[in-house]
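Worksheet: the structure to be examined is printed underneath.
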2 protein chains.
Amino acid sequence: MLLTRASEYALLALDIIRNSEKPKGAEQLSNELSIPKSFLAKILQGLAKEGILESKKGAHGGFVLVKKSSEISIASIVIAAEGKTPAVFDCSQYSATCPNGIIGSCTISPFLVTFQSKVDTFLQKLTLEDIFN
Amino acid sequence: MLLTRASEYALLALDIIRNSEKPKGAEQLSNELSIPKSFLAKILQGLAKEGILESKKGAHGGFVLVKKSSEISIASIVIAAEGKTPAVFDCSQYSATCPNGIIGSCTISPFLVTFQSKVDTFLQKLTLEDIFN
DNA sequence: CTAATTAAGACTATTTTACTCTAATTTATA
DNA sequence: TATAAATTAGAGTAAAATAGTCTTAATTAG
Ligand code: SF4
Ligand code: SF4
């Protein structure tokens, strides 16, 4: 699985948030989507940290979009939700996790790197607006 | 992670096997690649079942390629190694695992399906020969 | 016959994912 | 200014997937 629940929940929540005038609270979103509140809250906090959402504390608080849908890439959302960019494989980003220490001379490494870059590009080019239209 | 160790080991092993005249045993491969023998054996058995490798039992046995490298898609290897096609997400193949039962009306499902199909196509078009050249 | 090898399947260990819980902080508004 | 409604932070837990192990059986070249 390239994506986890975190990305799913982030995208589902963002679709609701972008269609709302007022800030949407974590509890309200979790009800509408039938997903665990604490978990969703965590994810939304992550999106806020990355500057995708603005969070308003206190009564009548909640989350609102800061940018236009067309200015938010799916890549940025997924990275914020997962805490890292989704990897095709351990070493597909040269993250130095080769158990054999053979990165560089590995026969399949070039394939993995190309594959990863295809995925990266796909996600970077797509925006929130794209996927909901 | 879209791919697991099983795919990595399968590909690394296949590169050695295709460059060998004689059948390659699981033990020999596991030594050359420094990967656990039992685990590799399991994976090779899977490749044999899918008709990617031929296995020869008994003394001087081992594994050989049955088709030409250019006739073996990476997709078929990965499917054999993983036991299933690598999924972008739970529901990206309409495998009916939607916890909300909203497949069909889900706002992000179209995106997931397109993403999955991009990945599928990429892996289907690539052959063993391609990635080692 | 026998040593070398694959086959099959149950089992275990490790890691990652998917949460949960509690306490602290902020803020609109009554 | 008190209060209730929210986010924030971080530790902790449960479940699932990954990555392996082990043992026994079946083949087969020599
Ligand atoms: S051996 Fe190759 S594929 Fe495996 S981790 Fe190292 S670089 Fe990556
Ligand atoms: S809600 Fe949408 S994304 Fe989530 S599992 Fe169901 S169909 Fe897939």
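Order of the sequence lines fixes the chain letters, A, B, ..., with proteins taken first and strands second; residue numbering starts at 1 for each chain.
Judged by closest nucleotide on DNA chain C, B:Q45 is the one of B:Q45 and A:K84 placed further toward the 5' end. Projected onto DNA chain C by closest heavy-atom contact, B:K24 and B:M1 fall at different nucleotides, the more 5' of which corresponds to B:K24.
In this structure, of D:dT28, D:dG20, C:dA28, it is D:dG20 that holds the atom nearest to the side chain of B:P36. Between C:dT6, D:dT21, D:dT7, one nucleotide has an atom nearer to the side chain of B:K57 than all others, and that is C:dT6. For A:A59, whose side chain is taken as the heavy atoms from C-beta onward, the closest listed nucleotide among C:dA28, C:dT20, D:dG20 is C:dA28. When distances are taken from the side chain of B:K42 to each of C:dT6, C:dG9, D:dT7, the shortest belongs to C:dG9.
Note: the hydrophobic cluster containing B:V64 does not contain B:F132 (ILVMFWY, side chain heavy atoms under 4.5 Å, direct or indirect links). In terms of hydrophobic clustering, with Ile, Leu, Val, Met, Phe, Trp and Tyr side chains grouped at heavy-atom distances under 4.5 Å, B:F63 and B:F39 are assigned to a common cluster.
With rounding to whole Å, B:R5 atom CZ is found 10 Å from C:dT16 atom P. Distance CZ (A:F89) to P (D:dT18): 12 Å, rounded to an integer number of Å. The separation between B:H60 atom NE2 and D:dT28 atom P is 15 Å, rounded to whole Å. Going from atom CG of A:L2 over to atom P of D:dA17 covers 16 Å, rounded to whole Å. D:dA29 atom C1' lies 12 Å from atom NZ of B:K56, rounded to whole Å. Here D:dG20 presents its P atom at 13 Å from CG of B:L33, a figure rounded to the nearest Å. Distance CD1 (A:I43) to P (C:dT20): 11 Å, rounded to an integer number of Å. One atom, CD of A:E27, and another, C1' of D:dT7, lie 12 Å apart when rounded to the nearest Å.
Contact of B:K37 with D:dG20 (side chain to base): no donor-acceptor pair of N or O atoms is detected under 3.5 Å.
Between A:T4 and A:E82, the side chains place a donor N or O and an acceptor N or O closer than 3.5 Å (distance only, hydrogens not considered). Residues B:S73 and B:Q124 bring no donor and acceptor atom of their side chains to less than 3.5 Å of each other.
Using a 4.0 Å cut-off, some side-chain N or O of B:Y9 falls inside it from OP1 or OP2 of D:dG20. Residue B:S55 has a polar side-chain atom (N or O) positioned under 4.0 Å from OP1 or OP2 of C:dA7. For the pair A:T4 and C:dT16, the criterion of a side-chain N or O lying under 4.0 Å from OP1 or OP2 is not met.
Contact annotation for B:A48: no contact, since no heavy-atom pair falls under 4.0 Å across all strands. Across all strands, B:A26 comes closer than 4.0 Å only to sugar-phosphate atoms, never to a base (heavy-atom distances).
Distance check: A:T121 OG1 to A:L126 CG gives 11.0 Å after rounding to the nearest 0.5 Å.
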